[in-house]
Amino acid sequence: MIPSAFEYHTPTSVAEAVSLLEQYGDEAKVLAGGHSLLPAMKLRLAAPGVIIDINKIAELRGVVINGNINIGALTTWSTIEHHGGLKSSCSMLPEAVAQIGDIQVRNRGTIGGSLAHADPAADTPAVVMALDAQIRVHGPGGERMIAAGDFFTDMLTTSLEPTELITAITCNPLGAGEGAAYVKFPHPASRYAIVGAAVYVKLAGGTVGACRVAITGAGPKAERQTATEQAILNTDGSAEAIAKAAEEAGAEMDVLGDIHASEDYRRAMIKVYARRALTKAIERARG
Ligand SMILES: Cc1cc2nc3c(=O)[nH]c(=O)nc-3n(C[C@H](O)[C@H](O)[C@H](O)COP(=O)(O)OP(=O)(O)OC[C@H]3O[C@@H](n4cnc5c(N)ncnc54)[C@H](O)[C@@H]3O)c2cc1C
């Protein structure tokens, strides 16, 4: 299939990209790795009149760990997967990313593109929510930070304005007593999540002092599981406490069924994967 005709721009700075977005508005689409946008254009599900290819903006690439973790929007999955500093400071990120698609997808796909696309079965929305990450965006009015928890508003929909560009994702490195884990039930062909669970925990004196649980793949968008979080807080994080808390997962969530898995099956898997991710995160927090 051949996409419809479009104008093609290759800005070399964030300011230039934002000015093009402002000029063309809804007519324009940003091109990063192209792994979601190009298939949609070839199927004519998307027909932007203008493509703003951001691959020449060098400042959008790479990982900097300097007090906090900054990941440029154009950083590919393979860079994150193999980054030594991320493995030691926030292992859930490389762990999750290593489970995405295949090597070709991981060599081209970018974290900014995935978050902007907000596919309901993507892995990183749950991961950034569990890490309480901030999404840095630039628009005509300057820079703003959007908390990951406020970013995903519906299926394939975010709080990003059409004139805004994601430039980076920032989060804190994990320290002593903290642990995080991502586990998923992958679709056997695409590897997208049928259900994925991301968990962050902080232990305080042997009990769970803080916890964030996010589920992806099961509904229109990734969702925090506050009932599970409340249930595990102030417990000893034992297998019994984890099992009880995981039973609450999915309770407040709009769960969807499709040709890959029914709603009931996904609801059952949410509990299983929440339990597995909680177990792994708590084990890691214990060191
Ligand atoms: C076969 C296959 C298997 C896959 N398996 C998985 C999987 O298992 N798990 C998973 O999570 N993902 C999976 N993906 C998705 C892949 O990981 C890509 O990350 C994702 O498609 C989007 O990233 P991209 O860089 O290719 O974005 P693009 O396709 O270039 O862009 C996607 C959308 O985001 C917008 N955009 C891109 N960058 C920015 C930016 N910086 N600021 C604002 N808007 C922006 C574009 O305009 C477009 O609307 C798979 C994809 C394929 C093709």
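Quantities reported herein were computed from a predicted structural model and do not represent experimental measurements. Every number for a ligand or one of its atoms is a count from 1 in the order of the listing.
Dense packing is recorded around NZ of K271, with more than 12 heavy atoms of other residues, nucleotides or ligands lying under 6.0 Å away.
Using modelled atom types, one side-chain atom of R266 and one backbone atom of A261 make a donor-acceptor pair closer than 3.5 Å.
Checked against ring-ring contact (aromatic ring centres under 6.0 Å, His included), Y192 has no partners two or more places apart in sequence or in another chain. Judged as a ring-ring contact (aromatic ring centres under 6.0 Å, His included), and not counting sequence neighbours, H82 has no contacts.
Listed by chain and residue number, the protein contacts of ligand 1 are K29, V30, L31, A32, G33, G34, H35, S36, L37, I54, A73, W77, I100, G101, V105, G109, T110, G113, S114, A116, H117, A122, D123, L160, L165, I166, K184, S190, R191, Y192 (heavy atom within 4.0 angstrom).
Judged by distance alone, the side chains of N107 and S78 do bring a donor and an acceptor atom under 3.5 Å apart.
The list of ring-ring contact (aromatic ring centres under 6.0 Å, His included) pairs with a residue in residues 109-134, not counting sequence neighbours, is empty.
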